[in-house]
Amino acid sequence: MFARSAAHKLASARQFSSSAARHTNVTVLGAGGGIGQPLSLLLKLDPHVKKLNLYDIRGAPGVAADVSHIDTASEVKGFEADKLEDALDGAEVIVVPAGVPRKMTRDDLFSTNASVVRDLATAAARVAPKAHLCIITNPVNSMVPIASRVYEKAGVYDPKRIFGVSMLDVVRASRFLAAIVGADPVNTPVTVVGGHSGETIVPLFSQTPASKGVTGEVYKKLVHRVQFGGDEVVQAKAGAGSATLSMAYAGARFANALFRGIAGEKGVIVPSYVRSPLFEKEGIEFFASRIELGPNGAEKIHPLGQLTAEEEEYLKACKDGLKKNIQKGFAFLE
Ligand code: NAD
Ligand code: LMR
């Protein structure tokens with residue numbers, strides 16, 4: 001399972017900042033938003049970050065000025081709307097929380113966000129084609145195929161370097177299971193596979209020993225809560241957007257794992273929605289599962305492992321949904 005210690009390192013960044021080798025130049029696209037701002041803050045605390053470029057069509061210089069006063073050694077720079085290419089110049093990791101959050105379903109924001117991701121991916125493919133691209137923008141299930149096709153058309157596609165960030169599902173699954181069994185979430189890591197929306201999110205609780213006694217209705221409710229956890233936040237925010245703080249945390253944790261993989265650390269495993277061979281034969285080119293990170297990105301895609309009959313049923317529904325989401329992404333570019 002991916003390292004929980006990343007979170008602890010983030011929390012004590014001051015302590016680490018003087019001794020750790022800072023090695024990665026990071027660009028955040030959408031840095032002025034609800035996710036972008038706290039994510040930029042957390043990236044400023046990450047001991048692996050050397051340079052932090054913050055870009056948005058609104059407000060990035062302000063966020064950059066604010067974050068830049070934090071006393072860690074990374075350099076922060078903000079970029080105005082017409083400076084996208086400058087913001088991407090030299091990037092090794094690009095994190096994208098740009099776009100609109102949903103009001104109803106994740107699909108209601110499809111066309112706006114598809115245009116945003118297409119345009120940002122086009123610029124990234126031109127200016128920083130070797131950078132690792134981490135897509136947070138929803139619907140992730142369709143945005144990753146869109147960015148991938150843009151890179152393909154630009155002749156620079158490396159499937160190992162484009163990631164859909166599905167980390168929040170794993171964070172939720174672990175937290176929700178821990179609450180039921182009365183454990184510390186550190187001891188209830190959960191593998192979540194499939195995609196990032198509703199029934200495409202498939203938590204594999206059977207692979208977490210602590211979930212042994214969680215069965216029947218309690219189990220079904222738990223799976224539903226993980227699949228529709230985003231709805232809880234959307235409803236509670238009552239029209240003011242979707243999850244931002246928990247997503248910033250999940251995004252920073254994902255980025256931290258990527259930085260460690262790039263630096264050559266072995267055994268760094270995270271969940272991510274990537275180009276995947278797992279169900280390619282069934283026409284599903286992208287799939288989230290546990291992936292092993294290295295200097296070249298997603299260097300190994302782990303198989304799902306053993307599933308219960310119930311999990312197989314969830315997986316079936318997931319595949320139907322994913323296939324449509326992927327096709328919708330490709331169709332947008334045609
Ligand atoms: P937000 O509206 O608060 O922020 C989005 C930011 O993107 C804004 O500052 C906006 O100016 C900027 N933006 C829009 N178009 C841009 C462009 N072309 N270039 C650069 N910046 C641009 O929204 P948010 O709450 O931060 O959510 C952002 C996205 O993340 C949404 O699509 C949301 O659905 C998604 N999200 C994903 C997950 C996940 O698990 N992957 C979780 C939560 C939210
Ligand atoms: C989430 O899971 O919280 C995000 O995908 C935002 C949303 O639209 O629910």
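The list of ring pair (Phe, Tyr, Trp, His ring centres under 6.0 Å) pairs with a residue in residues 144-164, not counting sequence neighbours, reads Phe163-Phe254. Among pairs with a residue in residues 188-231, those fulfilling ring pair (Phe, Tyr, Trp, His ring centres under 6.0 Å) read His224-Phe228, at least two apart in sequence or across chains. Residue pairs meeting the ring pair (Phe, Tyr, Trp, His ring centres under 6.0 Å) criterion with at least one partner in residues 256-282, sequence neighbours excluded, are Phe279-Phe287.
Contact record, Leu168 with Ala243: CD2-CB, 4.3 Å, taken as the closest heavy-atom pair. The heavy-atom pair separating Leu43 from Ala255 by the smallest distance is CD2-CB, 3.9 Å. Between Leu84 and Ala123, the shortest heavy-atom contact is CD2-CB, 3.5 Å. The minimum heavy-atom distance between Pro101 and Ser242, with the atom names listed, is CB-OG, 3.5 Å. Annotation for Gly230 and Arg102: closest pair C-NH2, 3.3 Å, computed over non-hydrogen atoms. Minimum interatomic distance between Ile94 and Ala131 (heavy atoms only, all atoms of both residues): CD1-CB, 3.7 Å.
Scored by the side chain to side chain donor-acceptor pair (under 3.5 Å) test, Glu280 finds Arg275 as partners (sequence neighbours excluded).
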Kindly determine whether Arg126 and Glu85 satisfy salt bridge (charged side-chain N to carboxylate O under 4.0 Å, His left out), including the steps that lead there. CA-CA 9 Å; Arg126 190 168 54 241; Glu85 300 214 342; 2.3 Å; yes
Given Leu39 and Ile136, is the side chain to side chain contact (heavy atoms under 4.5 Å, CB included) satisfied, shown in steps? CA-CA 11 Å; Leu39 177 60; Ile136 292 172; 4.0 Å; yes
Before giving the answer on side chain to side chain contact (heavy atoms under 4.5 Å, CB included), spell out for Cys134 and Val93 the whole-Å C-alpha distance, their side-chain angles and the decisive distance to 0.1 Å. CA-CA 8 Å; Cys134 311; Val93 170; 4.1 Å; yes
Would Ile291 and Val270 count as a side chain to side chain contact (heavy atoms under 4.5 Å, CB included) here? Give the steps. CA-CA 6 Å; Ile291 58 163; Val270 287; 3.8 Å; yes
Applying salt bridge (charged side-chain N to carboxylate O under 4.0 Å, His left out), run through Lys316 and Glu313 and close with a yes or a no. CA-CA 5 Å; Lys316 200 164 161 291; Glu313 280 302 309; 5.5 Å; no
Evaluate the salt bridge (charged side-chain N to carboxylate O under 4.0 Å, His left out) criterion for residues Glu232 and Arg225: first the C-alpha distance (whole Å), next the side-chain angles of each, then the deciding distance (0.1 Å), finally the verdict. CA-CA 9 Å; Glu232 282 184 27; Arg225 192 171 182 211; 2.7 Å; yes
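With rounding to the nearest 0.5 angstrom, the CG atom of Leu52 is 10.0 Å from the CG atom of Leu41. One distance of note links CD of Gln37 with CG of Leu54; it measures 9.5 Å at 0.5 Å rounding. Rounded to the nearest 0.5 Å, atoms CZ (Arg172) and CD1 (Ile201) are 7.5 Å apart. To the nearest 0.5 angstrom, His132 atom NE2 is 4.0 Å from Ile262 atom CD1. How far NZ of Lys319 is from CG of Leu278: 10.0 Å, rounded to the nearest 0.5 Å. A distance of 12.0 Å separates NZ of Lys212 from OG of Ser206, quoted to the nearest 0.5 Å.
Considering only heavy atoms from C-beta on, Leu315 comes within 4.5 Å of Leu307 through its side chain. The side-chain heavy atoms of Arg22 and Thr72, taken from C-beta on, include a pair separated by under 4.5 Å. Counting only heavy atoms from C-beta outward, the side chains of Phe332 and Ser115 approach each other to under 4.5 Å. In this structure the side chain of Ser246 never reaches within 4.5 angstrom of the side chain of Val171, judged on heavy atoms. A 4.5 Å side-chain heavy-atom check between Ile326 and Pro145 finds at least one atom pair inside the cut-off. In this structure, Val193 and Arg290 have side chains that are not in contact, with every pair of non-hydrogen atoms separated by 4.5 Å or more. No side-chain heavy atom of His23 sits less than 4.5 Å from a side-chain heavy atom of Glu92. Annotation: side chain of Leu204 is in contact with side chain of Val202 (closest heavy-atom distance under 4.5 Å).
A distance-only check finds no donor-acceptor pair linking the side chain of Tyr55 to the backbone of Glu80 [under 3.5 Å]. Glu199 contributes no side-chain N or O that, together with a main-chain N or O of Gly321, makes up a donor-acceptor pair within less than 3.5 Å. In this structure a side-chain-to-backbone donor-acceptor pair under 3.5 Å is present from Thr122 to Arg118. Side-chain atoms of Thr137 come within 3.5 Å of backbone N or O of Ala98 as a donor-acceptor pair. Of the possible donor and acceptor atoms, one in the side chain of Asn113 sits under 3.5 Å from a partner among the backbone N and O of Asn138. Of the possible donor and acceptor atoms, none in the side chain of Lys328 sits under 3.5 Å from a partner among the backbone N and O of Asn141. Put simply, the side chain of Asn53 never gets that close to the backbone of Thr27: no donor and acceptor are under 3.5 Å apart. Of the possible polar contacts, none joining the Ser211 side chain to the Gln207 backbone as a donor-acceptor pair under 3.5 Å is found. Remark: the backbone N or O of Val190 is not paired with any side-chain donor or acceptor of Ser174 at under 3.5 angstrom.
Follow the hydrophobic side-chain contacts under 4.5 Å out from Ile57 and you reach Val63 in the same cluster. Cluster annotation: Val165 is not connected to Leu245 through the hydrophobic network of ILVMFWY side chains, with a link wherever side-chain heavy atoms come within less than 4.5 Å.
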Side-chain atoms of residues 296-305: list all donor-acceptor pairs with protein atoms under 3.5 Å, sequence neighbours left out, distances to 0.1 Å.
residue, atom, partner, partner atom, Å
Asn296, OD1, Arg161, NH2, 3.4
Asn296, ND2, Glu299, OE2, 3.3
Glu299, OE2, Asn296, N, 2.7
His302, NE2, Glu292, OE1, 2.8

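Between the side chains of Thr200 and Asn325, no donor N or O sits under 3.5 Å from an acceptor N or O. The closest side-chain donor-acceptor pair between Ser74 and Lys44 falls under 3.5 angstrom.
Heavy atoms from other residues, nucleotides or ligands lying under 6.0 Å from NZ of Lys324 number 12 at most. Within 6.0 Å of CD in Gln306 there are 12 or fewer heavy atoms belonging to other residues, nucleotides or ligands.
Membership of the apolar cluster around Val100 extends to Leu109, as traced through chained side-chain contacts below 4.5 Å between ILVMFWY residues.
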